[in-house]
Protein chains: 2
Amino acid sequence: MDVKTKARYEVRAKIVKALAHPTRLFIVDQLSNHKRRVNELTDMIGADGSTVSKHLSVLRNAGIVKDEKIGASVYYELTTPCVLNFFGCIEGVLKSNAELHLAATEHFEIQEIK
Amino acid sequence: MDVKTKARYEVRAKIVKALAHPTRLFIVDQLSNHKRRVNELTDMIGADGSTVSKHLSVLRNAGIVKDEKIGASVYYELTTPCVLNFFGCIEGVLKSNAELHLAATEHFEIQEIK
DNA sequence: TGTAGATATGGCAATATAGCCAAATAACCA
DNA sequence: TGGTTATTTGGCTATATTGCCATATCTACA
């Protein structure tokens, strides 16, 4: 893999990596409809404020969310609704996994009966 | 976030995490058209065979690829073409990042001229 | 059977990530 | 100004991930 190709995949991996955490997926999901204050997100998540703040900065560095300061609060919103497509993609994989698992289970049962 | 919701996001994060590496994105891309032998992938990637094998097992554990042994070789293929949608999603974020960056640059230049 | 080729696994060191606490910064208001 | 709230940052430890080497496993085939 040449240097240029490698760089290409690294840029893309950075974005995927930013989404690769349950809390950050939750945040993206919550931002799909409304802007939210850090505070609101912290309450929903139930983690330390500093932890949530760091997750938000990972998302911001990847360009997935942007922030806007209003008064003492900081509001976060999705940079582009595109990311929501990720959820559809994930569901697709989950669905196919479920089907495979079901098939495997059925196969196992048939073997048991034999 | 209650236990059930948390579990829900953890399952999804596991799949995203499996894709969150440049080499693994490359592999998925390569598998989008053909099945490939481990050997072929190793040659294309230019890493140690054991390294590639471990990346493949990460993808397999997440249900993203499946393997089939034919003779002495193991062929890998995508479990579902769904994952290819990920690339479209990523490009969407990259595009929006590029636009933001452009806008930020323009804004900076205007300020400089003032 | 023995040897070669293809793949997977165990183990290890380097590095990255996560989450908490404490402290810094910023905005608001009495 | 001083206190209060909202958010971020620094620092630390625990844990996870990566990638290489050496080694094991499996298949083919001489």
Side-chain angles (χ1 to χ4, degrees), chain A residues 1 3 5-7 9-28 30-31 34-62 64-77, chain B residues 1 3 5-7 9-28 30-31 34-62 64-77:
Chain A
M1 189 157 41
V3 181
T5 305
K6 201 178 166 198
Y9 283 99
E10 274 165 4
V11 170
R12 281 152 185 78
K14 194 190 161 192
I15 293 175
V16 181
K17 203 177 285 191
L19 289 165
H21 189 285
T23 301
R24 295 198 290 268
L25 284 179
F26 176 84
I27 291 172
V28 169
Q30 291 307 316
L31 297 184
H34 328 269
K35 296 185 182 193
R36 301 275 195 190
R37 280 180 297 127
V38 177
N39 218 358
E40 286 180 90
L41 293 169
T42 302
D43 287 349
M44 289 190 270
I45 293 164
D48 193 87
S50 68
T51 299
V52 173
S53 180
K54 279 178 186 173
H55 281 307
L56 286 166
S57 92
V58 170
L59 291 170
R60 181 162 21 81
N61 286 332
I64 293 166
V65 302
K66 59 186 175 186
D67 59 339
E68 182 189 5
K69 188 158 197 169
I70 300 183
S73 295
V74 178
Y75 285 80
Y76 278 84
E77 66 186 306
Chain B
M1 188 156 42
V3 181
T5 306
K6 202 178 165 196
Y9 283 99
E10 274 164 4
V11 171
R12 281 152 185 76
K14 194 190 159 193
I15 292 175
V16 181
K17 204 178 283 194
L19 290 165
H21 190 285
T23 300
R24 296 197 291 267
L25 284 180
F26 176 83
I27 290 172
V28 169
Q30 292 307 316
L31 297 183
H34 329 270
K35 297 184 182 194
R36 301 275 195 190
R37 281 180 295 128
V38 177
N39 219 358
E40 287 179 89
L41 293 170
T42 303
D43 286 349
M44 289 190 269
I45 292 163
D48 193 87
S50 68
T51 300
V52 174
S53 180
K54 279 179 185 173
H55 281 307
L56 286 166
S57 92
V58 170
L59 290 170
R60 181 161 22 82
N61 286 333
I64 293 167
V65 302
K66 58 186 175 188
D67 59 340
E68 183 189 5
K69 188 158 195 168
I70 301 183
S73 294
V74 178
Y75 285 79
Y76 278 84
E77 66 186 305

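We name chains A, B, ... by the order of the sequence lines, and we start the count at 1 in each one. The model shown is predicted, which means the values in this text are computed figures rather than measured ones.
- Between the NZ atom of B:Lys17 and the C1' atom of C:dA18 there is a distance of 9 Å, rounded to whole Å.
- Comparing B:Ser53 and A:Ala72 by the nucleotide of DNA chain C that holds the closest heavy atom to each, the one mapping nearer the 5' end is B:Ser53.
- Atom OH of B:Tyr75 is separated from atom P of D:dT27 by 15 Å (rounded to the nearest Å).
- Straight-line distance from the NZ atom of B:Lys54 to the P atom of D:dA16: 16 Å, rounded to whole Å.
- Heavy atoms of B:Gly49 sit nowhere under 4.0 angstrom from any nucleic acid atom.
- OP1 or OP2 of D:dT18 has at least one side-chain nitrogen or oxygen of B:Arg24 nearer than 4.0 Å.
- Note: CZ (B:Arg60) to P (C:dT9) measures 7 Å, nearest angstrom.
- Using a 4.0 Å heavy-atom criterion, one finds that B:Tyr76 contacts the sugar-phosphate atoms exclusively.
- Note on A:Lys69: only backbone sugar-phosphate atoms sit closer than 4.0 angstrom, heavy atoms only; bases stay farther off.
- Between B:Asp67 and A:His55, the one whose closest nucleotide on DNA chain C sits nearer the 5' end is B:Asp67.
- In this pair, A:Tyr9 and B:Phe26 present their aromatic rings perpendicular. The plane angle is above 60°, beyond the 30 to 60° band.
- The distance from the CD atom of B:Glu40 to the OH atom of B:Tyr75 is 6.5 Å, given to the nearest 0.5 Å.
- Rounded to an integer number of Å, the gap from CG of A:Asp48 to P of D:dA14 is 18 Å.
- In this structure the side chain of B:Leu59 reaches within 4.5 angstrom of the side chain of B:Leu19, judged on heavy atoms.
- A donor-acceptor pair under 3.5 Å is formed between the side chain of B:Thr42 and the backbone N or O of B:Val38.
- For the pair B:Lys14 NZ and C:dT17 C1', the interatomic distance rounds to 19 Å; values are reported in whole Å.
- Nearest-nucleotide positions on DNA chain D place A:Val52 closer to the 5' end than the other of B:Val58 and A:Val52.
- Applying the 4.0 Å criterion to OP1 and OP2 of D:dC20, one finds that B:Thr51 has a side-chain N or O inside that range.
- With rounding to whole Å, B:Ile70 atom CD1 is found 19 Å from D:dC26 atom P.
- One finds the CZ atom of B:Arg36 at 4.0 Å from the CE atom of B:Met44 (value rounded to the nearest 0.5 Å).
- As rounded to whole Å, 12 Å separates atom P of D:dT8 from atom CG of A:Asn61.
- Nucleic acid contact for A:Ser73: sugar-phosphate only, since backbone atoms but no base atoms lie under 4.0 Å from a heavy atom of the residue.
- Residue-level contact check: A:Thr42 touches neither bases nor backbone, having no heavy atom under 4.0 Å from any strand.
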